[in-house]
Amino acid sequence: MDFKIEAKDIATKARSGQITTAHGKIETPIFMPVGTVGSVKAVQVSDLKTDVKAQIILGNTYHLYLRPGLEVLKKAGGLQKFNGWNRPILTDSGGYQVYSLSGTRKLSEEGVVFRSHIDGSKHLFTPERVIDIERCIGADIMMAFDECTPYPCSYDYARKSMQMTHAWLDRCIAQYNATEPLYGYHQTLFPIVQGSVYKDLRRESAEKIASVAKEGCSIGGLSVGEPKEVMYELTELVCDILPKDIPRYLMGVGTPENILEGIAQGIDMFDCVMPTRNGRNAMLFTKNGILNMRNKKWAEDFSYIEEDGASYVDTLYTKAYLRHLFHAQEFLAGMIGSLHNLAFYLWLVGEARKHILLGDFAIWKSGMVKQVMQRL
RNA sequence: GGGGGGAUACCAGAGCGGUCAAAUGGAACAGACUGUAAAUCUGUCGGCUUCGCCUUCGGAGGUUCGAAUCCUCCUCCCCCCA
């Protein structure tokens with residue numbers, strides 16, 4: 001994997017660049033749609049490519065391991081072939097499930113025993129095992145196995161968890177170095193900064209990650225409920241420590257505002273379920289603000305979803321019609337919402353990139369944040 | 001013509017003497033959602049000057065300390081037999 005920085009903003013720490021993977025190039029800053037079980041929910045691959053203009057999508061190690069399972073993925077020749085995407089894929093390691101499925105798993109220094117949310121069966125995930133699974137999935141970018149700490153989180157717990165994540169990282173790297181890709185193309189490994197909301201822990205973790213990161217690195221454990229100001233402050237602190245010449249990925253973030261702030265602090269990659277999940281739940285992000293498409297006020301609004309929107313659905317359907325679809329619980333409603341939101345997110349990071357290259361990112365951003373976050 | 005059942009809030013539908021402004025669904029209205037156990041979840045849902053009060057359970061009377069619940073009559077609906 002290769003990363004070239006093309007431009008650096010002067011007023012902020014934003015930068016634009018290009019990542020080259022075995023499955024294609026990625027222009028940064030970039031937003032990566034989430035496709036947990038191998039599919040970006042409610043969105044066709046064809047639309048992801050031509051309409052959303054996604055360049056890389058996520059998959060999830062825990063979910064794909066459980067279903068369809070490693071044998072199928074191996075026989076398919078990797079996830080890129082299996083799901084028809086054939087472009088760059090990043091897999092989350094299951095570290096988020098350590099957090100989100102905390103009620104059905106047991107955590108120890110060795111690893112995590114998950115109780116399958118599908119059938120209740122037990123599955124041990126160790127750092128070594130996670131790397132093996134990610135090899136089977138064939139992700140271009142594999143995430144190290146970590147614990148995403150909850151919020152709030154005591155200092156003591158955060159410190160121990162961070163130390164464990166660091167120990168797991170060393171084991172991930174060892175396993176990474178001891179194994180080969182299964183499908184003949186290069187896979188890279190991103191380590192993850194943890195440390196909850198504690199600055200000294202974040203600093204320590206960032207230093208650890210900086211010392212081992214080769215081709216990219218990431219920041220985890222944020223956007224789990226802490227105030228956004230805390231997230232911004234910690235992102236800045238961490239970015240100042242992380243290597244400048246490799247991509248930085250802020251995991252699980254976020255709202256359009258979060259993403260623009262992240263870009264300003266030097267983040268290159270983002271992912272979040274928000275555009276798809278909220279899109280399925282009738283919340284639309286537009287360049288003029290946020291709409292709840294279930295609201296009565298759209299019942300007889302026959303204007304297009306977004307007159308100059310980024311997706312073809314924006315001028316194919318009216319607000320009144322989309323509201324009707326949501327009320328009628330038609331699958332099409334969630335498909336339109338997801339497609340619209342993803343196209344908006346990709347448009348947003350594309351614009352950010354454009355303005356970084358132009359040199360007026362800071363001005364553009366402050367106007368855009370206000371515009372994009374207002375409620376319509 | 002004879003016999004029986006029923007009318008409850010926007011809809012459907014519990015309740016069958018006090019703990020009922022009335023269960024439960026649905027609809028409606030609003031909100032939440034940040035490395036997806038989510039096409040999910042939450043709240044409100046008679047009125048008001050809202051720790052209380054007022055008006056409601058087809059209509060009119062009555063019994064009772066007290067009625068959506070019991071009695072009488074009326075109106076409408078449904079079913080069975082001829």
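Residue numbers begin at 1 in each chain, while the letters A, B, ... track the order of the sequences. Quantities reported herein were computed from a predicted structural model and do not represent experimental measurements.
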Over how many whole Å does the gap from A:H117 atom NE2 to B:rA38 atom P extend? 6 Å

Kindly state whether the ring of A:Y345 and the ring of A:H340 have centres lying under 6.0 angstrom apart. no

Short side-chain to backbone donor-acceptor contact, A:R159 and A:L201, under 3.5 Å: no

For A:K8, I'd like to know if atom NZ has over 12 heavy atoms of other residues, nucleotides or ligands within 6.0 Å. no

Pairwise 5' ranking along RNA chain B for A:E330 and A:C148, keeping only the more 5' one: A:C148

Does B:rU40 have its OP1 or OP2 closer than 4.0 Å to a side-chain nitrogen or oxygen of A:R277? no

Taking atom P of B:rU34 as reference, at what distance in whole Å does atom CD1 of A:I259 sit? 14 Å

Do A:K365 and A:E261 sit within salt-bridge range, that is, some charged N less than 4.0 Å from a carboxylate O? yes

Does the side chain of A:N281 get closer than 4.0 angstrom to OP1 or OP2 of B:rC41 through an N or O atom? no

Tell me whether the OP1 or OP2 atom of B:rG35 has a side-chain N or O from A:S100 closer than 4.0 Å. no

Can you tell me the distance, in whole Å, between the CZ atom of A:R294 and the P atom of B:rU42? 13 Å

Could you say whether A:R375 or A:Y99 is positioned toward the 5' end of RNA chain B, judged by the nucleotide with the nearest heavy atom to each? A:R375

Distance check needed: B:rA38 P versus A:N60 CG, whole Å only. 11 Å

Verify the contact: side-chain N or O of A:Q97 to OP1 or OP2 of B:rG35, cut-off strictly under 4.0 Å; return yes or no. no

According to a strict under-4.0 Å criterion, is A:Q329 in side-chain N/O contact with OP1 or OP2 of B:rA39? no

Choosing from B:rA37, B:rA38, B:rC33, which nucleotide comes nearest the side chain of A:K41? B:rA38

Closer than 4.0 Å, any side-chain N/O of A:N295 to the OP1 or OP2 of B:rG31? yes

Check the phosphate of B:rC29 against A:H327, side-chain N and O only, distance under 4.0 Å to OP1 or OP2. Yes or no? yes

Indicate, with yes or no, if the rings of A:F125 and A:Y65 have centres closer together than 6.0 Å. yes

Any side-chain N or O of A:T36 under 4.0 Å from OP1/OP2 of B:rU36? yes

